[in-house]
Visitor: 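First the structure, which I've put down as structure tokens, then a few questions once you've had a look.
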Amino acid sequence: DKYYYWEFLILYRKLILTILVAFLQSADKNVQALIALALLIVFVVIQLKFKPFCVDGFNKMEVRSLFCSAVITYFGLFYVSEDLSDTSEALVTTTLILANLYFFVYWSFHVWIAARHLIKKKKPHIYLNYCFPNAFEYKAAEIEDYVNLRHQQISLAYMDEIHRGIAGDHAHIQSLKSKKKSGPLFETRSLSLYP
């Protein structure tokens, strides 16, 4: 809640980088890349200082995203230079591919974890059967957790029913008490042992 405006800052960061490319076309490509690199480094420092997201994983992902963008911008500078040998070009290309691949794998892994967590919460039977079908020890622990969770849910539902039943019984007792005030609660006959 403290950094509710942070998404707007991310939007402005992207806008600034787009403006840099669009309006500085007359400037040298090296100058454009160096300004973009400086801005990305400033944004990394700001992200590390404030850590605006509630979930620490989002902060780490944003820093890694900015860092990969800075690496890509830096190594992109080498493509602008005219005198790049074939070996150097292959090295730069490999570095660019690895930087992109690193972030893609990192992002995919965290999306997978989030999806598993969501499926585990919403559809535990699907989670158990499809996410880890061969991990028997892990599956046994998951089944035990699921059984414990269902037991708690059933216990809470049972306690709720008992509470509602007691409340209903209480209302019934109150109605009987009101009848007692107006007249006898039960019809009684006097029984005599001797006729």
Side-chain angles (χ1 to χ4, degrees), residues 1-81 84 88-132 135 138-139 141-142 145-146 148-150 152-153 156:
D1 289 342
K2 185 178 176 186
Y3 298 108
Y4 63 90
Y5 55 86
W6 201 262
E7 292 295 328
F8 291 111
L9 289 178
I10 292 173
L11 180 69
Y12 288 133
R13 178 187 76 211
K14 292 176 181 180
L15 183 67
I16 289 169
L17 290 172
T18 304
I19 289 172
L20 175 72
V21 170
F23 293 117
L24 291 179
Q25 286 182 351
S26 60
D28 185 29
K29 299 290 183 192
N30 288 334
V31 173
Q32 284 182 336
L34 287 172
I35 292 172
L37 184 62
L39 285 172
L40 286 169
I41 291 171
V42 167
F43 294 136
V44 167
V45 170
I46 290 171
Q47 179 72 30
L48 286 171
K49 180 176 167 90
F50 291 103
K51 296 182 180 178
F53 300 115
C54 297
V55 179
D56 192 46
F58 292 155
N59 289 315
K60 289 178 182 177
M61 190 172 297
E62 186 70 20
V63 167
R64 283 182 171 89
S65 169
L66 290 169
F67 180 73
C68 284
S69 295
V71 167
I72 290 166
T73 303
Y74 175 74
F75 281 97
L77 279 169
F78 290 104
Y79 274 114
V80 176
S81 69
L84 198 62
S88 299
E89 188 174 331
L91 183 64
V92 168
T93 303
T94 304
T95 305
L96 289 171
I97 290 171
L98 287 176
N100 281 297
L101 188 64
Y102 164 75
F103 185 73
F104 179 74
V105 168
Y106 179 81
W107 176 83
S108 299
F109 176 72
H110 285 283
V111 166
W112 169 247
I113 289 173
R116 263 187 26 206
H117 182 70
L118 184 66
I119 292 169
K120 181 180 177 182
K121 217 174 180 182
K122 300 284 184 185
K123 303 283 185 188
H125 60 283
I126 293 174
Y127 173 77
L128 291 175
N129 289 327
Y130 295 108
C131 290
F132 291 101
Y138 188 76
K139 194 170 183 178
E142 289 293 320
D145 289 346
Y146 175 69
N148 289 337
L149 177 68
R150 288 297 296 152
Q152 287 175 354
Q153 290 171 342
L156 287 173

Visitor: List for me each residue that meets ring-ring contact (aromatic ring centres under 6.0 Å, His included) alongside Tyr74, sequence neighbours excluded, and say none if there are none.
Guide: Phe78
Visitor: Does a side-chain heavy-atom distance below 4.5 Å link Ile35 with Leu24?
Guide: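 In short, these two side chains touch, coming nearer than 4.5 Å.
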Visitor: With sequence neighbours excluded, tell me which residues meet side-chain contact (heavy atoms from CB on, under 4.5 Å) with Tyr12.
Guide: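 side-chain contact (heavy atoms from CB on, under 4.5 Å) list for Tyr12, sorted by chain: Phe8, Leu15.
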Visitor: Under the rule for side-chain contact (heavy atoms from CB on, under 4.5 Å), what residues qualify as partners of Val42, not counting sequence neighbours?
Guide: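 Checked Val42 against side-chain contact (heavy atoms from CB on, under 4.5 Å); matches are Ile46.
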Visitor: Could you work out, with salt bridge (charged side-chain N to carboxylate O under 4.0 Å, His left out) as the rule, every residue matching Asp28, not counting sequence neighbours?
Guide: none
Visitor: May I have all residue pairs that pass side chain to side chain donor-acceptor pair (under 3.5 Å) and include part of residues 38-51, sequence neighbours excluded?
Guide: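 Checked against side chain to side chain donor-acceptor pair (under 3.5 Å) - neighbours excluded - the pairs reaching residues 38-51 are Trp6-Gln47, Gln47-Asn59.
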Visitor: Could you check Leu39, Thr73, Leu77 and say which one makes a side-chain contact (heavy atoms from CB on, under 4.5 Å) with Leu34?
Guide: Leu77
Visitor: Counting heavy atoms not belonging to His110, are there more than 12 under 6.0 Å from its NE2?
Guide: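 Counting neighbours around NE2 of His110, more than 12 heavy atoms of other residues, nucleotides or ligands fall under 6.0 Å, so yes.
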Visitor: Indicate every side-chain donor-acceptor pair of residues 61-70 with a distance under 3.5 Å to a residue at least two apart or in another chain.
Guide:
| from | atom 1 | to | atom 2 | distance (Å) |
| --- | --- | --- | --- | --- |
| Glu62 | OE2 | Arg13 | NH1 | 2.9 |
| Glu62 | OE2 | Arg13 | NH2 | 3.1 |
| Arg64 | NE | Tyr102 | OH | 2.7 |
| Arg64 | NH1 | Tyr106 | OH | 3.1 |
| Ser69 | OG | Ser65 | O | 3.0 |

Visitor: Excluding sequence neighbours, so at least two apart, what forms salt bridge (charged side-chain N to carboxylate O under 4.0 Å, His left out) with Lys29?
Guide: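 Per chain and number, Lys29 pairs via salt bridge (charged side-chain N to carboxylate O under 4.0 Å, His left out) with no residue.
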Visitor: Check the surroundings of atom CZ in Phe58: do more than 12 heavy atoms from other residues, nucleotides or ligands lie under 6.0 Å from it?
Guide: no
Visitor: Show every donor-acceptor pair shorter than 3.5 Å between a side-chain atom in residues 91-100 and any protein atom, with sequence neighbours excluded, or say none if there are none.
Guide:
| from | atom 1 | to | atom 2 | distance (Å) |
| --- | --- | --- | --- | --- |
| Thr93 | OG1 | Tyr79 | OH | 2.1 |
| Thr93 | OG1 | Glu89 | O | 2.7 |
| Thr94 | OG1 | Ala90 | O | 2.7 |
| Thr95 | OG1 | Leu91 | O | 2.8 |
| Asn100 | ND2 | Leu96 | O | 2.9 |

Visitor: Partners of Leu149 by side-chain contact (heavy atoms from CB on, under 4.5 Å), sequence neighbours excluded?
Guide: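 Only Gln152, Gln153 meet the side-chain contact (heavy atoms from CB on, under 4.5 Å) criterion with Leu149.
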Visitor: Please round to the nearest 0.5 Å and tell me the distance separating atom CD1 of Ile72 and atom CG of Leu37.
Guide: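 Going from the CD1 atom of Ile72 to the CG atom of Leu37 covers 12.0 Å.
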Visitor: What distance separates Leu11 CG from Ile16 CD1, expressed to the nearest 0.5 Å?
Guide: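 That separation rounds to 10.0 Å.
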